[in-house]
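Taking it in order: structure first as structure tokens, then the write-up.
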Number of protein chains: 4
Amino acid sequence: MGRAVVRAQKSPGRSAGKDAADDRARDKQRQILDAAVRVFARKGFHAARISDIAKEAGVAYGLVYHYFTNKEEVLNSIFQRNWSVVVKMMESVEQQHRGLKARLTAIVDFMMNVYKISPETVDLLVLEFGRSSRLAQTVRHPQVDRSWTVLQHILEAGQADGEVRTDTDARLLTTLFLGMVETGLAAFVTRMMQRDDAMLEEMKRAIVSTFVEGVAPRGNGGR
Amino acid sequence: MGRAVVRAQKSPGRSAGKDAADDRARDKQRQILDAAVRVFARKGFHAARISDIAKEAGVAYGLVYHYFTNKEEVLNSIFQRNWSVVVKMMESVEQQHRGLKARLTAIVDFMMNVYKISPETVDLLVLEFGRSSRLAQTVRHPQVDRSWTVLQHILEAGQADGEVRTDTDARLLTTLFLGMVETGLAAFVTRMMQRDDAMLEEMKRAIVSTFVEGVAPRGNGGR
Amino acid sequence: MGRAVVRAQKSPGRSAGKDAADDRARDKQRQILDAAVRVFARKGFHAARISDIAKEAGVAYGLVYHYFTNKEEVLNSIFQRNWSVVVKMMESVEQQHRGLKARLTAIVDFMMNVYKISPETVDLLVLEFGRSSRLAQTVRHPQVDRSWTVLQHILEAGQADGEVRTDTDARLLTTLFLGMVETGLAAFVTRMMQRDDAMLEEMKRAIVSTFVEGVAPRGNGGR
Amino acid sequence: MGRAVVRAQKSPGRSAGKDAADDRARDKQRQILDAAVRVFARKGFHAARISDIAKEAGVAYGLVYHYFTNKEEVLNSIFQRNWSVVVKMMESVEQQHRGLKARLTAIVDFMMNVYKISPETVDLLVLEFGRSSRLAQTVRHPQVDRSWTVLQHILEAGQADGEVRTDTDARLLTTLFLGMVETGLAAFVTRMMQRDDAMLEEMKRAIVSTFVEGVAPRGNGGR
DNA sequence: AATGAATGAGATTTCATTCAT
DNA sequence: GATGAATGAAATCTCATTCAT
């Protein structure tokens, strides 16, 4: 409840009154979204009532409708907000790092860190969104497609560099990598595994090394 | 009321009518469960109405309540029925096959074949059940735990045989393997990938080889 | 459950097979009615389900419909059966006894004894039927009217004999007497009072003497 | 949600809107309760549907749930509201009047007047609540116990003053008195007796005098 | 006679959404 | 902007009753 959100500085030079009002509005909106993350993570999208979210946010439930069209839009906003962060991260990783292992390590690192910081968010993304074709049909976030594409690029680069075998479709390998990450997270989410830092670290290492070794070209003079 | 009736032998001599009735009852139950699989897969558990299931099964919705306590129990029955098949398969694989690769291949084969035969069932299991901690908390199917355990045994055997590196927890590797399989299936379920046989075959090969290579001990001449 | 009902001897001289069948039928019917009394007393008419009655009687619920048109008819049968006993008792009391006090004593005695023997029956009659105008409207048992009439006669006889003051309507006094009896019983039914024999005896005495003294003519040559 | 709100004084200066809203809310609640009294009296608790109450009150049925948890809580509120009036009356009678006859006369007067003003309320209290042990078990209104206690005190005072014979338990006599009043009312409720004022007056007199005479100590020159 | 599968009307209850204040 | 009263569609579930066996 009431987590202290760091307020971003806004573009200076506007009417102070307006800005203050905008600020308050943005705060309220964020307050509601934060509450929604927790409630959705706790009860699931369907079972979560708007009034639950409002109560968690400490506002009247009518206000939720002031900021969002309906319940689904609340969920969409959450996805938008979070996936755009993931996509940005992936894009920057592609730019900043070289080599398959370094890149995947950076990505897995980031994901696991997010989990440490806000497990509810990950719970929600994994449980409600992860793969739901039904939601996907209604929602179809281009962000998600973009993240797949970036990953695919990384793997294709690996194939070009001889780090990844070329006899398998890069898109398919992308699937497998995401599967490991996702299910790895899910194991924590569903309490299949203990939620402690050591475990998280081991998980990171296992995912990266298993995948990198697993997709390495082999055979002739190979490994 | 009167469901899951254990058939006892009754006074011989006039039991035919009774038995026929019981048979019909069992048929109707199965008819309802089959319909439920399709409806759940199509709309998801929450969005599926009992009346949808009844309509799909071609019975009055009251009959669903005649055989099942409520909607959740319908879902549970489906899980029970299907997971027990998976568990049996895994156990038999452990008995019949030797060697990590052979065993995992057999398992992945089976899973993908089930998908070919009854994609709705897999859709349902993957989407609704796959990992939902919320459902899991209420339901806690021992069958699921059992399947994890069997897989873990297989990996531990691999460690003992030197096929799997020993510096990583077998349970953790189990997670990763299941993640690949599950997300591999999910890619079809969510239409992220084309549902054709060639693709399924390539997926099978990719999963097994990536995982087996990925978890192989390295070192000797290796990495 | 399964209280041992004393089977009445039937008119001798009929076809034995027929009689035996009739007997069995009557037994089943009585079995169902006895069960119904207990269930209605326990849960109330509305909350009692036909299946509860059938279960209590140890028969299939379809059979209830073989013997009774519907749930309401089951209740009616119970009333019929019991009130006719009460009416007969009152009529015989009017014949056998002389004097207001003797007659009322006999009546109260009987009522309280019934309570000792079958509290459920009294519970049911008092709670579901006692005064329910709504049921009364649908049911309108002539038996009930008859019992009022007999009592009224007894009071009118008392007026004629100078035991009861004549300045008050006999029907009204009937109401008051029945009110005492009914509420007296109700106090046990609702556990407002301890259900022990001494209390029952004191209740009997109090009802009769309070009423008899209360309605005695007074005044001039009176007290 | 937000029912039975205790009105707190809020920051003075802009509370008018809020207060007006609260007033409206209280009005609506009462409107619903009044409607419920009529519907329950007409059809009985079980047969009354929430939608009947809503229709009678002229509101959407959802609103009933906005103010009350469920149907039973509606009934409870009615009991609470009405019995507290009865209890207060009895307490004030005990204070204001002296002598058994005066006190009981005042009580019976009040009861019969309530009946004249709102027969439905009395119908409901008498028919649904009067004694129902089943409801009583769930509800157990302390108000009802309190009214018994006050009456008992009045009778004990009568015993102390020599107006009531001491050889009978005061609680038992309380039962009888209430029985007369209740059944007296019931006779009107169930249309066993004509609902006219003259009859009501005669009933009043008959109840009080029968009871007072009936419980008077006898002996001296008596019987 | 006896059974219980099958039906479906109908009741309760929930909750997203609108809207007056 | 903020509130929460008001609405009513829709979903779950119950159970009296019918009927084939």
Side-chain angles (χ1 to χ4, degrees), chain A residues 21-22 24-25 28-29 46-54 58-72 74, chain B residues 1-3 5 16-22 24-29 46-52 54 58-72, chain C residues 21 24-25 28-29 46-54 59-72 74, chain D residues 1-3 5 16-22 24-29 46-52 54 58-72:
Chain A
D22 278 6
R24 238 183 307 113
K28 273 283 159 68
Q29 206 167 329
H46 263 105
R49 286 159 296 166
I50 288 284
S51 68
D52 291 332
I53 296 172
V59 301
Y61 52 85
L63 195 58
V64 177
Y65 287 93
H66 194 77
Y67 288 109
F68 303 92
T69 314
N70 54 31
K71 200 167 83 157
E72 198 155 318
V74 175
Chain B
M1 204 147 287
R3 86 201 70 98
V5 182
K18 277 276 171 118
D19 279 359
D22 281 359
R24 231 184 321 111
R26 241 192 307 276
D27 273 3
K28 272 287 157 64
Q29 254 198 74
H46 263 104
R49 286 160 297 156
I50 289 283
S51 65
D52 292 331
V59 300
Y61 53 86
L63 195 59
V64 178
Y65 287 97
H66 193 77
Y67 287 111
F68 305 92
T69 312
N70 53 33
K71 202 165 77 159
E72 198 157 319
Chain C
R24 238 183 308 112
K28 271 283 159 66
Q29 207 168 328
H46 262 104
R49 286 159 296 165
I50 288 283
S51 68
D52 291 330
I53 296 172
V59 301
Y61 52 86
L63 195 58
V64 177
Y65 287 94
H66 193 78
Y67 289 109
F68 303 93
T69 313
N70 55 30
K71 201 167 83 157
E72 198 155 318
V74 176
Chain D
M1 205 148 290
R3 86 200 71 98
V5 181
K18 278 276 172 118
D19 279 359
D22 281 358
R24 230 182 323 111
R26 241 192 307 276
D27 273 4
K28 272 287 159 61
Q29 253 199 74
H46 263 104
R49 286 160 296 157
I50 288 284
S51 65
D52 292 332
V59 301
Y61 52 85
L63 196 60
V64 178
Y65 286 97
H66 194 76
Y67 287 111
F68 304 92
T69 313
N70 54 33
K71 203 167 77 160
E72 197 156 320

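Because the structure is a prediction, the values reported are computed rather than measured. To find a chain, count down the sequence lines: A is the first, B the second, and so on, and within it residues start at 1.
Using the Watson-Crick or G-U wobble rule with both distances under 3.5 Å, E/dT3 pairs with F/dA20. F/dC15 is paired with E/dG8 under the Watson-Crick or G-U wobble criterion, all donor-acceptor distances under 3.5 Å.
Of the candidate nucleotides E/dA5, F/dA11, E/dT3, F/dA11 has the atom lying nearest to any side-chain atom of B/Arg49. Nearest nucleotide to the C/Ala60 side chain, out of F/dG8, E/dG4, E/dT13: E/dG4. The nucleotide whose nearest atom lies closest to any side-chain atom of B/Val59 is, among E/dT7, E/dG10, E/dT13, E/dT7.
D/His66 has a side-chain polar atom (N or O) that falls below the 4.0 Å cut-off from OP1 or OP2 of F/dA5. For the OP1/OP2 pair of F/dA5 and a distance below 4.0 Å, the side-chain nitrogens and oxygens of D/Lys28 include no atom meeting the criterion. At the phosphate of E/dA6, OP1 or OP2 sits under 4.0 Å from a side-chain N or O atom of B/Tyr67. Distances shorter than 4.0 Å separate none of the side-chain N or O atoms of C/Lys71 from OP1 or OP2 on F/dT17. Close to E/dA6, at under 4.0 Å from its OP1 or OP2, lies no side-chain N or O of B/Tyr61.
Listed here is the closest heavy atom pair of C/Asn70 and C/Tyr65: CA-CE2, 4.1 Å. Between C/Ala47 and C/Asp52, the shortest heavy-atom distance links the atoms O-OD2, 4.2 Å.
Whole-Å rounding puts the D/Tyr65 OH to E/dT17 P distance at 22 Å. Between the CD atom of D/Glu72 and the C1' atom of E/dT13 there is a distance of 15 Å, rounded to whole Å. Taking atom CD1 of residue A/Ile53 and atom P of nucleotide E/dC15, one finds them 12 Å apart after rounding to whole Å. Between the CZ atom of A/Phe68 and the C1' atom of E/dA16 there is a distance of 16 Å, given to the nearest Å. One interatomic measurement links the two molecules: CD1 of B/Ile50 to P of E/dT7, which rounds to 15 Å at whole-angstrom precision. E/dA5 atom P lies 16 Å from atom CG of C/Leu63, rounded to whole Å. Look at NE2 on A/His46: it is 10 Å from P on E/dA16, rounded to the nearest Å.
Between A/Asn70 and D/Ala48, the residue anchored nearer the 5' end of DNA chain E, judged by the nucleotide with its closest heavy atom, is D/Ala48. Heavy-atom distances to DNA chain F give each of C/Thr69 and A/Val64 a nearest nucleotide, and the one nearer the 5′ end belongs to A/Val64. Projected onto DNA chain E by closest heavy-atom contact, C/Gly62 and D/Ala47 fall at different nucleotides, the more 5' of which corresponds to C/Gly62.
Side-chain atoms of D/Phe68 and D/Gln29, non-hydrogen and from C-beta on, do get closer than 4.5 Å to each other. Between A/Ile53 and A/Tyr61, every side-chain heavy-atom pair lies at or beyond the 4.5 Å cut-off.
Remark: side-chain polar atoms of B/Lys28 are not paired, donor with acceptor, to backbone N or O of B/Tyr67 under 3.5 angstrom.
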